[in-house]
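Following: one structure in structure tokens, then a few remarks.
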Amino acid sequence: MKEKHITLGEFIIDKQTDFQYSSGELSKLINSIRLAAKVVNYEVNKAGLVDILGATNTVNVQGEQQQKLDAYANEVFMQALINREIVCGIASEEDDNYITIKGKNNDNNNKYVVLMDPLDGSSNIDVNVSVGTIFSIYRRVTPTGTPVQEIDFLQKGSQQVAAGYVVYGTSTMLVYTTGYGVNGFTLNPAIGTFYLSHPNMQYPKDGVIYSINEGNYVHFPQGVKDYLKYCQKEEGDRPYTSRYIGSLVSDFHRNMIKGGIYIYPTSTKAPKGKLRLLYEANPMAYIAEQAKGAASDGYRRIMDIQPTSLHQRVPFFCGSKNMVKKANEFMGQYPDDANY
Ligand code: AHM
Ligand code: MG
């Protein structure tokens with residue numbers, strides 16, 4: 001029998017009824033992210049060429065000034081969501097504050113807010129290393145009909161209704177969850193269609209990869225140093241192997257498939273860690289848990305942390321369940337470091 005190839009568009013329609021308050025809005029929202037992902041993919045893929053063209057002419061063919069790709073990605077995702085009038089607000093790692101979006105009749109009746117990091121790891125573009133987009137979706141908590149407020153964005157990660165990422169890699173993939181497991185779709189660039197390639201993605205319970213910027217070792221808290229020594233000790237299936245791309249989405253994606261842990265801890269250089277709770281840690285934590293992995297700040301579940309500001313940072317331990325558990329045990333030896 002001929003195998004059926006499911007496109008992301010078909011998959012979204014199929015799954016619409018899975019969603020508790022389904023009125024089609026969440027589906028439309030994910031559809032607009034799908035569209036923006038294709039546009040950004042096209043641009044990311046010709047990043048090197050843009051440099052060549054830019055050298056002779058810094059204004060592109062449309063007469064627009066050349067933009068940095070992260071600013072471009074921000075605009076593409078913003079516009080895709082704004083044009084469809086399906087969200088009431090967007091907060092982006094690129095912008096200081098959230099923006100309010102009116103609904104179809106210039107009202108405030110839309111239910112969802114989106115938080116995103118439009119191009120994570122963008123410093124990697126210059127050296128042709130994969131980058132990603134991360135997104136997180138919540139239902140607003142303030143009444144519909146009123147303008148969106150900051151508290152609609154400052155929700156615990158456990159309140160997310162969907163989250164996902166796009167990895168612009170050797171092939172471009174969109175991976176997302178709406179709380180019913182994690183599915184991955186690979187873009188066929190020839191026809192611009194995402195196909196279901198990785199159904200029901202799951203972390204192996206154990207893994208042997210640890211991903212951390214070891215250049216910062218001397219600045220790490222003792223619990224992290226102890227855990228790294230544990231990983232490197234010759235015993236059983238150890239020493240583990242180290243893999244660090246320095247692009248969260250890529251490191252996460254590899255670890256979810258192969259089994260591993262990603263760590264960005266506090267350090268004397270970054271006392272609260274580097275990653276942002278709302279734009280990076282929460283969506284990745286939601287995907288990790290839906291893929292039977294785990295995510296903590298070394299002490300607490302990431303998704304239980306009450307956010308207090310839009311751009312707050314958090315230490316991040318994320319990956320195979322048993323590996324995160326083990327890292328938490330090491331951190332637990334130094335309870336004072338929980339107060340970062
Ligand atoms: P960004 O949001 O400024 O791109 O920073 C986030 C990135 C992650 O993708 C990556 O895992 C991390 O920063 C790498 O940081 P470092 O270079 O300090 O190891
Ligand atoms: Mg980022």
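Worth knowing before you read on, the calculation uses all heavy atoms, side chains too, and leaves out hydrogens, waters and symmetry mates. Numbering of residues begins at 1 and proceeds along the displayed sequence. In this text, all values refer to a predicted model and were calculated from it rather than measured experimentally. Each ligand, and each atom within it, is numbered from 1 in the order the structure gives.
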For this session: Answer yes if V44 and V166 sit in the same cluster of Ile, Leu, Val, Met, Phe, Trp and Tyr residues linked by side chain heavy atoms under 4.5 Å apart, and no otherwise.
Result: yes
Exercise. What atom name does the N, O or S atom of E93 nearest to the Mg ion (ligand 2) carry?
Worked result: OE1
Exercise. Side chains of Y334 and D226: do they bring a donor and an acceptor to under 3.5 Å?
Worked result: yes
For this session: Would you kindly say whether S267 and H219 are connected by a side-chain donor-acceptor distance under 3.5 Å?
Result: no
Problem set entry | Carboxylate-amine/guanidinium contact E85 K102, below 4.0 Å | no
Problem set entry | D120 atom OD1 and D117 atom OD2 as seen from the Mg ion (ligand 2), angle to 10 degrees | 90°
Exercise. Any ion pair linking R301 and E289 (charged N to carboxylate O, less than 4.0 Å)?
Worked result: yes
Seminar exercise, completed: Answer key: the N, O or S atom of E280 nearest to the Mg ion (ligand 2) is OE2
Problem set entry | More than 12 heavy atoms of other groups within 6.0 Å of N128 CG | no
Seminar exercise, completed: residues 228-249 vs salt bridge (charged side-chain N to carboxylate O under 4.0 Å, His left out), sequence neighbours excluded, gives K233-E235, E235-R238
For this session: Let me know which protein residues bring a heavy atom to under 4.0 Å of ligand 1; chain then number is fine for ordering.
Result: E93, D117, D120, G121, S122, N213, Y244, G246, S247, L248, Y262, Y264, K274, L275, E280
